[in-house]
Amino acid sequence: MEYARPKEHRPEPGKPVLLFDLFGVIARHQLEEDKRRLQGLGQADSAAFWSAYWEHRTPYDRGQPAEVYWRRVGQALGRDYSATRIDELVEADVDSWSRIDEGMVDYLHRLDGDGYRLALLSNIPHELAERYESRQDWLGLFALRGFSCRMGCAKPDPAAYRWCWESLGCRAAEVLFIDDREVNVAAAEALGMAGHAFGGLAGLREFLSPDTPAG
């Protein structure tokens, strides 16, 4: 389903629950060196590999076992990956999504100190969720971690957003959703949530505190 997004919706007065996306907001997207490593392990040219990688990704994000995901990617590429090669692909994939924006983490601590209730909604497979939980103590700032692999649904499915506000015990209108992908923000707004299309920390600061000078 396509969601039109005519304007950026501001939250209701007062402090909203801040529901953050993870990748592209707090965690960084894959670097080119990470992508080359994965492609090399996948034994395919760039266009074919990334087409297969993304075509089969949503079921993996929803909780499908890694072995099933990578075998389907391999089949799409005409490859029969061994168990050892799948282990290597999983490790390289997890590594590629594990870089953090430390400035955003510092800002999360500030928001927590300012009395905001923080939550997380991420399309993420089991292996990557486990990596984050084992190494990133700042996840403890979030009152809720909405990981698609555990919910069984992924953005922009309305069920993913609904699961979050119902689990938080609040109304959709009390939540500000922050994501770097317009389609995900538009889907949240269509359900009555406020939205902010993340384009950087400075823009988020301005959105949350429009009368406060940047610094």
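The model shown is predicted, which means the values in this text are computed figures rather than measured ones. In this chain, residues are counted from 1 in sequence order.
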Review point. What distance separates Leu118 CG from Asp112 CG, expressed to the nearest 0.5 Å?
Key: 5.5 Å
Review point. What about the rings of His196 and Phe207, do their centers lie closer together than 6.0 Å?
Key: yes
Practice item. Measure the shortest side-chain to side-chain distance between Leu38 and Gln30 over non-hydrogen atoms and say whether it is less than 4.5 angstrom. Key: yes
Point to revise | Side chains of Arg62 and Cys149 in contact at under 4.5 Å (non-hydrogen atoms) | key: no
Point to revise | Sidechain-backbone polar pair: Arg117 side chain, Leu168 backbone, donor-acceptor under 3.5 Å | key: yes
Review point. Take atom CZ in Arg72; do more than 12 heavy atoms of anything else shown fall under 6.0 Å from it?
Key: no
Exercise for review: State whether the side chain of Ser134 and the backbone N or O of Arg131 hold a donor-acceptor pair below 3.5 Å, judged by distance alone.
Suggested key: yes
**Study point:** Heavy-atom side-chain proximity of Leu176 to Met193 below 4.5 angstrom
**Key:** no
Review point. Asp157 side chain to Ala154 main-chain N or O, any donor-acceptor pair under 3.5 Å?
Key: no
Practice item. Using a 4.5 Å cut-off on heavy atoms from C-beta on, say whether the side chain of Glu130 contacts that of Leu128. Key: no
Review point. Does the side chain of Asp180 come under 3.5 Å of the side chain of His29 through a donor N or O and an acceptor N or O?
Key: yes
Check your understanding: Is there side-chain contact between Tyr69 and Tyr53, with at least one heavy-atom pair below 4.5 Å?
Key -> yes
Point to revise | Residues Gln75 and Tyr81: side-chain donor-acceptor under 3.5 angstrom | key: no
Practice item. Have a look at Asp179 and tell me which of Leu19, Val185, Leu22 forms a side chain to side chain contact (heavy atoms under 4.5 Å, CB included) with it. Key: Val185
Study note, to complete from the structure: salt bridge (Lys or Arg N to Asp or Glu O under 4.0 Å) filter on Glu33, not counting sequence neighbours, yields Arg99
Check your understanding: Looking at side-chain heavy atoms only, is the closest gap between Cys164 and Val175 below 4.5 Å?
Key -> no
Check your understanding: Would you find more than 12 non-hydrogen atoms of other residues, nucleotides or ligands less than 6.0 Å from Asp137 atom CG?
Key -> no
Study note, to complete from the structure: Rounded to the nearest 0.5 angstrom, the CZ-CZ distance for Arg110 and Arg205 is 5.5 Å
Practice item. Verify the neighbour count for atom CZ of Arg85: are there more than 12 heavy atoms of other residues, nucleotides or ligands below 6.0 Å? Key: yes
Practice item. Write down the atom of Ala44, the atom of Phe49, and the distance for their closest heavy-atom approach. Key: CB-CB, 4.1 Å
Check your understanding: Hey, are Asp95 and Arg37 close enough for a salt bridge, meaning a charged N less than 4.0 Å from a carboxylate O?
Key -> yes
Check your understanding: Does Arg57 come within less than 4.0 Å of Asp93, counting only side-chain N to carboxylate O?
Key -> yes
Revision key, fill the gap. Shortest non-hydrogen pair, Gln39 vs Asp45, comes out as NE2-C, 3.5 Å
Revision key, fill the gap. Residues pairing under ring-ring contact (aromatic ring centres under 6.0 Å, His included) where one sits in residues 124-156, two or more places apart or in two chains, turn out to be Phe23-Tyr132
Check your understanding: Can you find a heavy atom in the side chain of Lys155 that is under 4.5 Å from one in the side chain of Tyr161?
Key -> yes
Review point. Do Leu121 and Asp21 come within less than 4.5 Å of each other through their side chains, counting heavy atoms only?
Key: no
**Study point:** Joint hydrophobic cluster, Ile86 plus Trp54, side-chain heavy atoms closer than 4.5 Å
**Key:** yes
Check your understanding: Got a second to check how far Arg135's CZ is from Ile100's CD1, nearest 0.5 Å?
Key -> 11.0 Å
